[in-house]
Amino acid sequence: MTARDAFGIGACAVVVVAAILGGAFFPGPRIVVGLLLVLVLGCAAVLSWDRLQIEEGLVVSWIVWGVVSAAVSGAAPLAARETITVWIVTGALWFVARRLTARASRAALVTLTAGAAIVAFGVLCEALGMGGIRVGGLLENPNVTASLLVVSLPMLGAIGGRREWLLVGAVVIALGLVLTGSRAGLLALLASAALFLPRGRPRFIGLFVGGLAVAVVLMWRFASQPDVLAWFRPAIWAAVLRLWAAHPLLGVGPGGLVNAAGVERLLHADHIGQRQFLISYTESSPLALLVQTGLVGVLIIVVAAYIWWRKARPRRPMSSPFAAALAAMAVMGAFHDLLTVDIVL
């Protein structure tokens, strides 16, 4: 194994440690894990360095554009710095992962899915302790936890190995996902399952039974823990679109949503009263991209994604696990703002 592969796997291991510590971070561990990630990921990026591909150059340009947008729009410096840091770390991990050998890629995948299983086990323990649903486990936020688990679940099919251990991991991760009570997470689970099921009657029956199971879980969630904000997403989207219309090209800058949006008055579900609500997230990753970086940022990312997709397609057909993971990512991204998620580093 080369040093580049070793540092790439090490960077994934540090990410797993950060996920396991999650919301339990104190200043000391936060500094240690942050410095460790900078060191390991930095070494991996340096050892992997070669000529940037076109799509990679576009992603770098998008991050630079985010800095420009934040400066021009006057976004809060701390919020902008935190958001852009997330983008830089994610971009660096993507850059390093693309250059790993097949053996190292599998080792990194095993590391990440093992971390997801640990997070899911934390959800199970918290749910048993609380005697209810809608828990986030080690990551505290149920939706962030669901985003991690629903993408990791189909990846078990790409790892290989002993079926008994894979089955145990799948059960633990699936149960953890269910206990988060995330509507988008359960919908993403159905979308990814559809790509595993054979076409025709098996797929129809599987989706029908799965849909009934999801409905039961959601009824359990709202019966045990009513959430007055659970149905405000369309109103939030409308408010975000109005905000973007006022800043169509530049956007409000990374991390600038809270200050730019201010307090919104959202109508209650009973249409009788209104609720003051501070919009911290757009509740949709495409909308987050649009409102924070404007049309320019969206154009850069769309072109980068198109080039990346065109390069990947001619090589070989996409396997079911990776197709299912992409479907899960698409569903979660459509209903949650994963570009502005709280970070712990």
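The first residue of the sequence shown is numbered 1, and numbering continues consecutively from there.
- A salt bridge is absent between Arg99 and Asp5: the closest approach of a Lys/Arg side-chain nitrogen to an acidic carboxylate oxygen does not fall below 4.0 angstrom.
- Checking side-chain atoms of Ser285 against main-chain N and O of Leu338 turns up a donor-acceptor pair under 3.5 Å.
- Less than 6.0 angstrom separates the ring centroid of Trp94 from the ring centroid of Trp308.
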Please step through side chain to side chain contact (heavy atoms under 4.5 Å, CB included) for the pair Leu212 and Val209, ending with a clear verdict. CA-CA 5 Å; Leu212 291 178; Val209 174; 5.7 Å; no
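- Looking only at distances, a side-chain donor or acceptor of Trp237 sits under 3.5 Å from a matching main-chain atom of Glu283.
- In terms of hydrophobic clustering, with Ile, Leu, Val, Met, Phe, Trp and Tyr side chains grouped at heavy-atom distances under 4.5 Å, Ile54 and Val303 are assigned to a common cluster.
- Note: Leu100 CG to Arg106 CZ = 14.0 Å, rounded to the nearest 0.5 Å.
- Hydrophobic clustering (ILVMFWY, side-chain heavy atoms < 4.5 Å, transitive): Val33 and Leu39 are in distinct clusters.
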Would you check, one step at a time, whether the test side chain to side chain contact (heavy atoms under 4.5 Å, CB included) holds for Leu287 with Asp337? CA-CA 8 Å; Leu287 276 182; Asp337 181 357; over 6 Å; no
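- Leu52 and Val96 fall within a single hydrophobic cluster, where Ile, Leu, Val, Met, Phe, Trp and Tyr side chains are chained together by heavy-atom contacts under 4.5 Å.
- Partners of Arg4 according to the salt bridge (charged side-chain N to carboxylate O under 4.0 Å, His left out) rule, which considers only residues two or more places apart in sequence or in another chain, do not exist here.
- Taking a 6.0 Å sphere around CH2 of Trp165, one finds it holds 12 or fewer heavy atoms contributed by other residues, nucleotides or ligands.
- One hydrophobic cluster, built from ILVMFWY side chains closer than 4.5 Å, holds both Val68 and Val296.
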Go through it in stages, so that I can follow the logic: the residues are Lys311 and Ile307, the test is side chain to side chain contact (heavy atoms under 4.5 Å, CB included), and I'd like the CA-CA distance, side-chain angles, deciding distance and then a yes or no. CA-CA 6 Å; Lys311 285 184 176 180; Ile307 294 174; 4.1 Å; yes
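- Across all their heavy atoms, Ala158 and Phe322 have their closest contact at CB-CE1, 4.0 Å.
- The environment of OH in Tyr306 is sparse: at most 12 heavy-atom neighbours from other residues, nucleotides or ligands sit within 6.0 Å.
- With contacts defined as side-chain heavy-atom distances shorter than 4.5 Å, the pair Thr340/Leu257 does not qualify.
- With sequence neighbours excluded, the residues forming a salt bridge (charged side-chain N to carboxylate O under 4.0 Å, His left out) with Arg242 are Glu264, listed by chain and number.
- Atoms CD1 and CG, from Ile301 and Leu290 in turn, are 12.5 Å apart once rounded to the nearest 0.5 Å.
- Leu156 and Leu195 sit in two unconnected hydrophobic clusters of ILVMFWY residues. Membership requires side-chain heavy atoms under 4.5 Å apart, directly or through other members.
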Derivation and outcome, side chain to side chain contact (heavy atoms under 4.5 Å, CB included), residues Arg134 and Leu179: CA-CA 6 Å; Arg134 193 55 178 167; Leu179 291 173; over 6 Å; no
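- Judged purely by atom type and a 3.5 angstrom limit, Ser182 has no side-chain atom pairing as donor or acceptor with the backbone of Ala146.
- In this structure a side-chain-to-backbone donor-acceptor pair under 3.5 Å is missing from Ser73 to Leu250.
- Counting all heavy atoms, side chain and backbone alike, Trp62 lies closest to Ile300 at CB-CG2, 3.7 Å.
- Using a 3.5 Å distance cut-off with no hydrogens or angles, the side chains of Gln292 and Ser69 do not pair a donor with an acceptor.
- Although no hydrogens or angles enter the test, the distance criterion places a donor-acceptor pair under 3.5 Å between the side chain of Thr180 and the main chain of Leu177.
- Within the cation-pi definition used here (under 6.0 Å to the ring centroid, within 45° of the axis), Arg98 does not qualify as a partner of Phe95.
- The shortest heavy-atom contact between Leu189 and Ser192 is O-OG, 2.9 Å.
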Identify all side-chain donor-acceptor contacts of residues 111-130 below 3.5 Å with residues at least two apart in sequence or on another chain.
residue	atom	partner	partner atom	Å
Thr111	OG1	Ala107	O	2.9
Thr113	OG1	Leu109	O	2.8
Thr113	OG1	Val110	O	3.1
Glu126	OE1	Gly137	N	2.7

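- More than 12 non-hydrogen atoms from other residues, nucleotides or ligands lie less than 6.0 angstrom from CG of Leu167.
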